[in-house]
Amino acid sequence: MAQQSDENYLTTAEVARRLKVKPETIYAYVSRGQLTSVRARGRRGSLFAAADVERLASRTVDHPGVVERIESELSLLADEELYYRGHSVRDLATTQSVESVAQLLWTGRLEESEPFPAPPELVALARSAMDVAPPGARMTDQLRIAVAVLGAGDPMRFDLAPESVVLAARRLLGVLIEALPGEGGDGGEGGEGGEGTVGARLWPKLSTRPPEPRVLEAAAILLADHGLAVSTVAARVAASARANLYSVVSAGLGALDGHYHGAATTLAYQFLGRALRDPLEALSDQLRSGEPVPGFGHRIYQQRDPRAEALFELIAGEPVMETVRVITGQFAGFPNIDLAVAAMMHAYGFRPDAGEALFALARIIGWTAHALEEYAEPGLRFRALGVYTGPSVT
């Protein structure tokens, strides 16, 4: 046991000052095994080895290269499969609701969860914000505007306690879904079917066809998180600066807007639309252009995308799948989740920008989970080491 006079040990308050975190964060480090506490002899409280504290501090802003590897308990991509906290995403997509999977990612508990709330006054605020967007604006443009306005209207947005962040995320998702243009509820039970699930409430915003909310639910679950994708890193950097949840989501939405990321579903949708008229001609024209074939291949997966396989199975009987089979039979690459979402969109007559909106809404679940992890880490720990390549100093 440490002696009170032992200068190699620090008190909780001293550790908090050194790491620039709240005292409760110190105990989160202890629970994850990042710090070890010992009882202080003759007085209340815990002590921490100074060497351990310095080792942890070396991962913060004091370290010039900062974080090259980010530890996370959320998503595992292994052996061409995807898992959320140890649960197969294929199983989750076919057996769980979006709300339950969100609860799993946010809290580690897989359990039944109530529908995301949508207070009418906040829905009205979000809709008024979306109305500011010019005609022809995409649904993701409207979502970005609404998130910013909802954040500005939430006086408790700086409460970063885990339970407060989870409540804010549930409310944000419910309000955004309800406020999107299209048919649907007014903050009550939502879309056709009256079940109040994400699929039931979101479907009439995306399509006028008879609803298949379970398919939409599965797609949202498959898209909810995917490790440290670029938008997730952007969200974690914002959270590291202790940005509130709305700002974290805004950071993620900004990165998602790139055509290499969130817009990939739209490119796959457009390609598949051409392929529905003549699959071989569409594939030939794409190859001739010298550009990659949209909806194929992946930076992580080498042989197959398990998310695409899971979604294809759910729409296997739809006519669009014949076109998908022709293309995949002629092209050596493997289809990814972007092509699967595009196939779902064509199968059920979704709006052309529905894929990006679905991606954004689903990924808010993942960004929230990563923000919760980041809030428990030392603040401002992301600072890349810049290598100067400009003119010589004179």
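This is a predicted model, so every value here is computed, not measured. All residue numbers in this chain count up from 1 along the given sequence.
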Quiz item: Taking the side chain as C-beta and beyond, is there a heavy-atom pair between Pro181 and Gln142 under 4.5 Å?
Solution: yes
Self-check item: Pairwise distance CG(Leu283) to CZ(Phe331) - rounded to 0.5 angstrom
Solution: 6.5 Å
Self-check item: Flag, side chain of Asp305 to backbone of Ile337, donor-acceptor distance under 3.5 Å
Solution: yes
Practice problem: Show the numbers, then the answer: is there a side chain to side chain contact (heavy atoms under 4.5 Å, CB included) between Glu99 and Leu173? | Solution: CA-CA 10 Å; Glu99 295 88 347; Leu173 282 161; over 6 Å; no
Self-check item: Expected output: side-chain Gln286 to main-chain Pro292 donor-acceptor under 3.5 Å
Solution: yes
Practice problem: Check whether more than 12 heavy atoms from other residues, nucleotides or ligands sit under 6.0 Å from atom CD of Glu114, and answer yes or no. | Solution: no
Quiz item: Are side-chain N/O atoms of Ser113 and Arg170 paired as donor and acceptor at under 3.5 Å?
Solution: yes
Self-check item: Exam field: side chain Ser207 to backbone Tyr348, donor-acceptor pair closer than 3.5 Å
Solution: yes
Exercise. Calculate, to the nearest 0.5 Å, the distance between atoms CZ and CE belonging to Arg127 and Met130 respectively.
Key: 8.5 Å
Self-check item: Spacing of Leu276 atom CG and Ile327 atom CD1 [to the nearest 0.5 Å]
Solution: 7.5 Å
Quiz item: Is the backbone of Asp353 close enough, under 3.5 Å, to the side chain of Glu356 for a donor and an acceptor to pair up by distance?
Solution: no
Practice problem: Could you tell me whether the side chain of Tyr84 reaches within less than 4.5 Å of the side chain of Leu92, counting heavy atoms only? | Solution: yes
Quiz item: Which pair of heavy atoms, one from Pro378 and one from Ser240, lies closest together, and at what distance?
Solution: O-OG, 4.2 Å
Self-check item: Gap separating the CD1 atom of Ile300 from the CG atom of Leu82, nearest 0.5 angstrom
Solution: 11.0 Å
Quiz item: Salt-bridged, Asp257 to Arg138, with N to O below 4.0 Å?
Solution: yes
Quiz item: Any chance CG of Asp79 has more than 12 other-residue heavy atoms, nucleotides or ligands included, within less than 6.0 Å?
Solution: no
Practice problem: Assess whether side chain to side chain contact (heavy atoms under 4.5 Å, CB included) is satisfied between Glu309 and Arg90, documenting all intermediate values. | Solution: CA-CA 9 Å; Glu309 291 182 348; Arg90 292 176 184 260; 2.4 Å; yes
Quiz item: Linking I/L/V/M/F/W/Y whenever their side-chain heavy atoms sit closer than 4.5 Å, directly or via other members, would Val149 and Val147 fall into one cluster?
Solution: yes
Self-check item: Hydrophobic cluster identity match, Leu339 and Leu287, side-chain contacts under 4.5 Å
Solution: yes
Self-check item: Under 3.5 Å: donor-acceptor pair, side chain of Thr328, backbone of Arg325
Solution: yes
Self-check item: His226 and its ring pair (Phe, Tyr, Trp, His ring centres under 6.0 Å) partner, picked from His261, His370, His298
Solution: His298
Quiz item: Under the 3.5 angstrom rule, does the side chain of Arg274 hit a backbone N or O of Ala282 as a donor-acceptor pair?
Solution: no
Quiz item: According to a 4.5 Å side-chain heavy-atom criterion applied to Ile, Leu, Val, Met, Phe, Trp and Tyr, with indirect links allowed, do Phe296 and Val326 form part of one hydrophobic cluster?
Solution: no
Quiz item: Does Glu111 CD have over 12 foreign heavy atoms under 6.0 Å away?
Solution: yes
Quiz item: Can you find a pair of side-chain heavy atoms, one from Met344 and one from Leu358, that are under 4.5 Å apart?
Solution: yes
Quiz prompt | Tyr375 to Leu245 - nearest heavy-atom pair and separation | solution = OH-N, 3.7 Å
Quiz item: Do the side chain of Gln96 and the main chain of Val101 share a donor and acceptor less than 3.5 angstrom apart?
Solution: no
Exercise. Report yes if some heavy atom in the side chain of Leu314 is under 4.5 Å from a heavy atom in the side chain of Arg214; otherwise report no.
Key: no
Quiz item: Do the side chain of Ser250 and the main chain of Tyr246 share a donor and acceptor less than 3.5 angstrom apart?
Solution: yes
Practice problem: Can you spot which of Leu143, Val123, Leu172, Val198 makes a side-chain contact (heavy atoms from CB on, under 4.5 Å) with Ile177? | Solution: Val198
Quiz prompt | Minimal non-hydrogen separation, Ala118 against Gly174, with atom names | solution = CB-O, 3.5 Å
Quiz item: Do you know which two heavy atoms are closest between Ser97 and Glu217, and how far apart they sit?
Solution: CA-OE1, 3.4 Å
Quiz prompt | Atom pair CG/CG of Leu272 and Leu267 - distance to nearest 0.5 Å | solution = 12.5 Å
Quiz prompt | Same apolar cluster (I L V M F W Y, side chains within < 4.5 Å links), Leu228/Tyr83 | solution = no
Quiz item: Side chains of Leu150 and Arg171: does their closest heavy-atom pair fall under 4.5 Å?
Solution: no
Quiz item: Leu122 and Val175: which non-hydrogen atoms are nearest, and at how many Å?
Solution: O-CG1, 3.6 Å
Quiz item: Looking at CG of Leu167 and CD of Glu163, how far apart are the two atoms once the value is rounded to the nearest 0.5 Å?
Solution: 7.5 Å
Quiz item: Which atoms form the tightest heavy-atom contact between Ala93 and Ala218, and what is the distance?
Solution: O-CB, 3.4 Å
Exercise. Indicate yes or no for a side-chain donor-acceptor contact from Asn336 to the backbone of Gly297 under 3.5 Å, with no hydrogens or angles considered.
Key: yes
Quiz item: Do Leu125 and Glu121 pass the side chain to side chain contact (heavy atoms under 4.5 Å, CB included) test, and can you show the C-alpha distance, the side-chain angles, and the key distance before you say yes or no?
Solution: CA-CA 6 Å; Leu125 176 62; Glu121 67 277 10; over 6 Å; no
Quiz item: Would a 4.5 Å heavy-atom cut-off, applied to side chains only, mark Phe359 and Thr140 as touching?
Solution: no
Practice problem: Would you please classify the geometry between the Phe116 ring and the Trp106 ring as parallel, tilted or perpendicular, with 30° and 60° separating the classes? | Solution: tilted
Quiz item: What's the verdict on salt bridge (Lys or Arg N to Asp or Glu O under 4.0 Å) for Glu80 and Arg304, showing C-alpha distance, side-chain angles and the deciding distance?
Solution: CA-CA 7 Å; Glu80 307 285 78; Arg304 58 189 175 85; 5.4 Å; no
Quiz item: Is there a side-chain contact between Trp367 and Thr232 (heavy atoms, below 4.5 Å)?
Solution: yes
Quiz item: Got a sec, which residues hit ring pair (Phe, Tyr, Trp, His ring centres under 6.0 Å) with Phe350, two or more places apart in sequence or on another chain?
Solution: Trp203
Quiz item: Which is it for Val230 and Tyr260 under the side chain to side chain contact (heavy atoms under 4.5 Å, CB included) test, yes or no, and what are the steps along the way?
Solution: CA-CA 10 Å; Val230 62; Tyr260 286 134; over 6 Å; no
Quiz prompt | Step-by-step ring pair (Phe, Tyr, Trp, His ring centres under 6.0 Å) determination, Tyr301 to Phe334 | solution = CA-CA 9 Å; Tyr301 303 117; Phe334 62 90; 7.3 Å; no
Quiz item: Does Thr107 reach the main-chain N or O of Leu104 with its side chain, forming a donor-acceptor pair under 3.5 Å?
Solution: no
Practice problem: Would you indicate whether the side-chain heavy atoms of Leu216 and Leu206 approach each other to under 4.5 Å? | Solution: yes
